[in-house]
Student: 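Below is a structure I'd like to ask you about.
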2 protein chains.
Amino acid sequence: MPPRSDRTKAAILRAARERFAANGYERTTIRAVAADANIDPSMVIRYFATKEGLFDAALTIDLRLPDLTAVPVVELPGTLVRLFLERWESDPSGDTLLVLLRSAVTNDRAAERVRAIFTRQVAPTLVAALGPQVVPRAALVASQLLGLALTRYLLRLPPVTQMTADEIAETLAPALAATLGLAEA
Amino acid sequence: MPPRSDRTKAAILRAARERFAANGYERTTIRAVAADANIDPSMVIRYFATKEGLFDAALTIDLRLPDLTAVPVVELPGTLVRLFLERWESDPSGDTLLVLLRSAVTNDRAAERVRAIFTRQVAPTLVAALGPQVVPRAALVASQLLGLALTRYLLRLPPVTQMTADEIAETLAPALAATLGLAEA
DNA sequence: TCGGCATGCCAACAGCTGTTGGCCAACGTC
DNA sequence: GACGTTGGCCAACAGCTGTTGGCATGCCGA
């Protein structure tokens, strides 16, 4: 049977993710997380040893990218954008992606996580679909998609926030196709 | 004649920009800035009233975008990328852009600055060159370029950092053309 | 030459931070 | 039913933070 403390740990993690997502690493205080989880600050330390430990535990991410080899190459760019926006807008694991991006800009530990996600999840998926020479172009695709997340969810740049996911996908798909070097049909 | 304090103020601003760029807003302490500038922490408060005041003063930005109406439309996307990378890699006013982007992710005041730079500097320049209907597409261009800065200078994603500015410009130019809806020649 | 103002430093404040150790109650096992 | 173990809280610590007020020193105008 699972230890009784699991519920508390989960509550702490949930609160931590929310706080980290809303305020970033530095402005998130253990006291605030503890208050959100209705427990004592010392419990956070007991379970996660340190603030950095809590942070590490809070941003375990698996993009669960599907196999893209079945997707026709022409439809690939559009699929990528839609997949990306979907992960961000209906995230099952809370605001984990938001946490990660927000923190990665000031915290090198988080930045390393982002790099790892690219090399271990994004790049392999694209390589499987398009071949190994695509890696540099895949990195630029990642940069374009991260830029989208940046302007839409973090900076909230009005024209970008006002567009629907579909409008964005339609406009951006040809751009990603160009970046990947896919000739038009 | 300029007051004697101008040198001190300038030293404070220089130190502040470096610190803000390296560590972001929260992790930058007035004491550290003062130490870098070889003066007392209280002087910073005297001249800039508050930490936020110092921050505001530290990120006054003018992109000085040239008039792009003279540039042939085919060359416009490449010109944009090159201009952007040049601003970042040989910035006359220090690491101001780095400060801004790094802080804008966690600090809403800084984010507002970024939005203002888009609406008051970037958007008008592109509207002048391509017409008013281009605004939403221009925002997506901005998002792609900011994504480039994000991955190259902040997250330091290896494939992106390893490419030369020219390689990036060549690969990304068709993508921007597609985003802007410019038909190929 | 003298007075006032600008420039600078020192010392201290109040508040918040992450973290620690000790204490109490509830639980499961023998 | 006693007992060790687990889950939890309380109080306090040491350190750092932004900010303030007072005091010295130099400069400049009269």
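Note on naming: letters A, B, ... go to the chains in the order of the sequence lines (proteins, then strands), and numbering restarts at 1 for each one.
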Student: Round to the nearest Å and state the distance from A:Lys9 atom NZ to D:dG7 atom P.
Tutor: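 Value for this atom pair: 8 Å.
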
Student: When the distance from CD1 of A:Ile39 to C1' of C:dA25 is rounded to whole Å, what number comes out?
Tutor: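 After rounding, the gap between these two atoms is 18 Å.
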
Student: A:Arg46 has an atom CZ; how far is it from atom C1' of D:dT6, in whole Å?
Tutor: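 After rounding, the reported distance stands at 8 Å.
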
Student: Checking all strands, does B:Tyr47 fall into the base, sugar-phosphate, or nothing category for heavy-atom contacts under 4.0 angstrom?
Tutor: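 It contacts sugar-phosphate atoms only.
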
Student: Taking CG from A:Asp40 and P from C:dA25, how many angstroms apart are they, rounded to a whole number?
Tutor: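 Rounded to whole Å, this separation is 16 Å.
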
Student: Report the distance from atom CD1 of A:Ile12 to atom P of D:dG7, rounded to the nearest whole Å.
Tutor: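 For the pair A:Ile12 CD1 and D:dG7 P, the rounded distance is 12 Å.
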
Student: Please name the residue in the list B:Thr29, B:Asp36, B:Asp95, B:Thr28 that meets the side chain to side chain donor-acceptor pair (under 3.5 Å) test with B:Arg19.
Tutor: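 Single pass found, and it is B:Asp36.
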
Student: Using the salt bridge (charged side-chain N to carboxylate O under 4.0 Å, His left out) rule, collect all pairs that involve residues 145-159 of chain B, keeping only residues at least two apart or in two chains.
Tutor: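 For residues 145-159 of chain B: B:Glu89-B:Arg152.
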
Student: Counting primed atoms plus P, OP1 and OP2 as sugar-phosphate and everything else as base, spell out the protein contacts along nucleotides 13-19 of chain D at 4.0 Å heavy-atom distance: B, S or - for each nucleotide, 5' to 3'.
Tutor: ----BBB

Student: Mind telling me whether B:Phe55 and B:Phe20 have parallel, tilted or perpendicular rings, with 30° and 60° as the class edges?
Tutor: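 Correct class here is perpendicular.
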
Student: With rounding to the nearest 0.5 angstrom, report the CD to CG distance, A:Gln144 to A:Leu180.
Tutor: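 With rounding to 0.5 Å, CD (A:Gln144) is 8.5 Å from CG (A:Leu180).
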
Student: For A:Gln121 versus A:Asp62, what's the shortest heavy-atom pair and its separation?
Tutor: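 Closest heavy-atom pair between A:Gln121 and A:Asp62: OE1-OD1, 3.3 Å.
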
Student: If you take all heavy atoms of B:Ile168 and B:Val160, which pair is closest and at what distance?
Tutor: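 The pair with the smallest heavy-atom distance is CD1-O, 4.0 Å.
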
